[in-house]
Amino acid sequence: MDGNGRWAERRHRPRVIGHRAGARAVNICIDFCLEKRIQALTLFAFSSENWGRPEGEVGALMKLFMNALEREVDELDRRGVRIRFIGERERFSATIVQRMALAESQTVSNTGLQLNIAASYGGRWDITQAARALAMDVAAGRLTPDDIDEAAMASRVALADLPAPDLFIRTGGEMRISNFLLWQLAYTELWFTDLLWPELDAVTLQRALDHYASRERRFGLTGAQVAPSDEIPE
Ligand code: IPE
Ligand code: MG
């Protein structure tokens, strides 16, 4: 979700106004996913690196985050959304941590949209904590180094119980991953738009889906190998 600051600056308004407009775009995105029956949505709300922004901006983002938690959770619960947070939670204030835990427990049995909020999240942090978990298992004798394979790693990164993301969307014109789900995105289709996050609408999201539908996903195989199986065999 990139471009909130620029959206505000173009209007000669403080950056926080852009973040507030960005929160509206989050709702548009969730509504779209619910309508399209998309199984999972992961929003990159706040990165490990965002803690380094000016204190006033971080404070404003925390306030917005807290307000959104207070305002939206009941309605999301009612709509069958399961909410989860991924990231280094300990860096948030106790009140926010408590709210996050509450949102998670309140919605834990919902089977509709799986909504994951990446907050204080970094892909490198994610891989590092998975490596640490593996090291602890080895130290405790539960695993040997030979047991460490891709599946062992995959089961310890965030969102291990969900399928890998099919589609990655970045707004704001930059063509980079910026430390998002590094492990999980290995074979994800990437889609970029110059639109700023607060400008996001259903038409743009549909464009991204249409683009996704036109891609051939080969996962390292050949086009012939992944072609639909109803073709005449040789
Ligand atoms: C993304 O918008 C929102 C967060 C990182 C919280 P930015 O704040 O990065 O907006 P730009 O990139 O400065 O326009
Ligand atoms: Mg940015």
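In each ligand, atom 1 is the first atom listed, and ligand 1 is the first ligand listed.
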Going by heavy atoms, is R53 under 4.0 Å from ligand 1?
-> yes
Closest non-hydrogen protein atom to atom 2 (O) of ligand 1, residue and atom name please, with distance?
-> N4 N, 3.2 Å
The Mg ion (ligand 2) - closest N/O/S atom in D2 | OD1
Judged by non-hydrogen atoms, does R15 sit under 4.0 Å from ligand 1?
-> yes
Mutual orientation of the aromatic rings belonging to F46 and W51 [parallel < 30°, tilted 30-60°, perpendicular > 60°] = perpendicular
Without hydrogens or angle criteria, can the side chains of R215 and H211 be said to hold a donor-acceptor pair below 3.5 Å?
-> yes
Out of curiosity, R82 CZ to L115 CG, how far, rounded to the nearest 0.5 Å?
-> 11.0 Å
Of the backbone and side-chain N, O or S atoms of E174, does one lie nearer to the Mg ion (ligand 2) than 2.8 Å?
-> no
Counting heavy atoms not belonging to R37, are there more than 12 under 6.0 Å from its CZ?
-> no
Answer side chain, backbone, both or neither: which part of L196 comes under 4.0 Å from ligand 1, heavy atoms only.
-> neither
Face-on cation placement of R11 at W7 ring, 6.0 Å and 45° thresholds | yes
Short N/O distance, under 3.5 Å, between N50 and ligand 1?
-> no
Compute the ring centroids of F85 and Y121, then answer whether they are less than 6.0 Å apart.
-> no
Would you check whether G3 reaches within less than 4.0 Å of ligand 1, judged by its heavy atoms?
-> yes
Ligand-residue contact atoms, ligand 1 with M1, heavy atoms, under 4.0 Å | 1 (C), 2 (O), 3 (C)
Check L113 against L41 and note the closest heavy-atom contact, atom names and distance.
-> CD1-N, 3.8 Å
What part of A45, side chain, backbone, both or neither, has a heavy atom within less than 4.0 angstrom of ligand 1?
-> backbone
Starting from atom 10 (O) of ligand 1, which protein heavy atom do you reach first, and at what distance in Å?
-> G5 N, 2.9 Å
Passing option when F32 is tested against N27, D201, L209 for side-chain contact (heavy atoms from CB on, under 4.5 Å) | L209
F46 to ligand 1: N or O pair under 3.5 Å?
-> no
